[in-house]
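Okay, so here's the structure we're looking at.
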Amino acid sequence: MTKMMVVCVGDENTRFDREYYATQHLALAMKCWGQYGLEAAEAFYPAGNGDGWLSIGVYRFRETNDIDVALASPETELVMADVKKFTDATVVMRSLFTPL
C-alpha cells in the first residue's frame with residue numbers, strides 16, 4: 001500500500017470549504033480513481049493556524065504505480081476541475097509515502 005498526501009496551503013483569506021472537500025471531492029476522487037487502485041481517501045485539518053496548511057488529504061492506493069496511472073488517467077481532469085468548488089488555494093503540495 002502507498003499513500004499520496006495532498007496539502008492545500010493558504011492563509012486566513014483563502015477560501016476552503018471543509019464540508020465540500022470531505023464529502024464531495026473525496027467521493028469524486030474515489031469514483032474517478034477507484035478503478036486505478038484508490039482504496040480510501042480521508043481529510044485532515046491542522047489545529048491552530050497549521051503554518052499555512054489548510055487541509056491534508058490522504059489517498060491510499062494499492063501500489064505505488066497505481067498513483068501514476070490514476071494521475072495520468074482522463075478522469076484526473078474531473079478531479080482537478082472540482083478543486084475550484086472548495087478552495088481558491090493556489091499552492092498544493094503532493095508527496096508519496098509507504099507506511100512501515
Side-chain angles (χ1 to χ4, degrees):
M1 159 188 33
T2 299
K3 296 184 181 187
M4 175 175 69
M5 184 171 73
V6 177
V7 178
C8 287
V9 180
D11 60 25
E12 64 276 355
N13 297 314
T14 305
R15 178 182 61 84
F16 192 92
D17 183 339
R18 289 181 174 191
E19 181 67 23
Y20 186 93
Y21 180 66
T23 61
Q24 303 298 312
H25 186 72
L26 295 183
L28 177 64
M30 287 298 305
K31 179 180 177 184
C32 290
W33 293 335
Q35 63 188 316
Y36 302 110
L38 179 62
E39 296 179 327
E42 298 177 283
F44 301 92
Y45 307 102
N49 69 9
D51 287 332
W53 288 25
L54 302 174
S55 70
I56 304 164
V58 179
Y59 300 78
R60 187 180 76 220
F61 286 83
R62 283 189 307 260
E63 305 289 335
T64 301
N65 188 53
D66 292 343
I67 296 170
D68 296 330
V69 172
L71 292 176
S73 74
E75 290 84 358
T76 295
E77 186 175 323
L78 294 172
V79 175
M80 297 312 295
D82 190 59
V83 171
K84 67 182 177 227
K85 293 182 180 177
F86 64 87
T87 189
D88 54 10
T90 57
V91 178
V92 176
M93 299 180 293
R94 182 183 300 140
S95 63
L96 305 179
F97 64 98
T98 304
L100 299 177

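The two residues Y36 and R62 make their nearest non-hydrogen contact at C-NH2, 4.3 Å. Closest heavy-atom contact between V92 and C8: CG2-SG, 4.2 Å. Nearest heavy-atom pair, R15 versus K85, reported as atom, atom and distance to 0.1 Å: NH1-O, 3.4 Å. In terms of heavy-atom proximity, T76 sits nearest to W33 at OG1-NE1, 3.1 Å. Considering all non-hydrogen atoms of both residues, L71 and R94 come closest at CD1-NH1, 4.0 Å. When all heavy atoms of A89 and V9 are compared, the pair lying nearest together is CB-O, 3.5 Å.
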Can you give each donor-acceptor pair under 3.5 Å made by side-chain atoms of residues 22-31, sequence neighbours left out, with the distance rounded to 0.1 Å?
{"residue": "T23", "atom": "OG1", "partner": "E19", "partner atom": "O", "Å": "2.7"}
{"residue": "H25", "atom": "ND1", "partner": "D82", "partner atom": "OD2", "Å": "2.7"}

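How far OG1 of T2 is from CD1 of I67: 5.5 Å, rounded to the nearest 0.5 Å. Between atom CD of residue E39 and atom CD of residue E63 there is a gap of 8.5 Å, rounded to the nearest 0.5 Å.
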Fill in: Residue pair L38, D66: steps toward the side-chain contact (heavy atoms from CB on, under 4.5 Å) verdict
CA-CA 8 Å; L38 179 62; D66 292 343; over 6 Å; no

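The neighbour count for M80 CE, taken as heavy atoms of other residues, nucleotides or ligands under 6.0 Å away, does not exceed 12.
M1 and Y59 sit in two unconnected hydrophobic clusters of ILVMFWY residues. Membership requires side-chain heavy atoms under 4.5 Å apart, directly or through other members. The hydrophobic clustering, which links ILVMFWY residues whose side-chain heavy atoms are closer than 4.5 Å, places V6 and V69 together.
Among residues two or more places apart in sequence or in another chain, the ring-ring contact (aromatic ring centres under 6.0 Å, His included) test is passed with F16 by Y21, F86.
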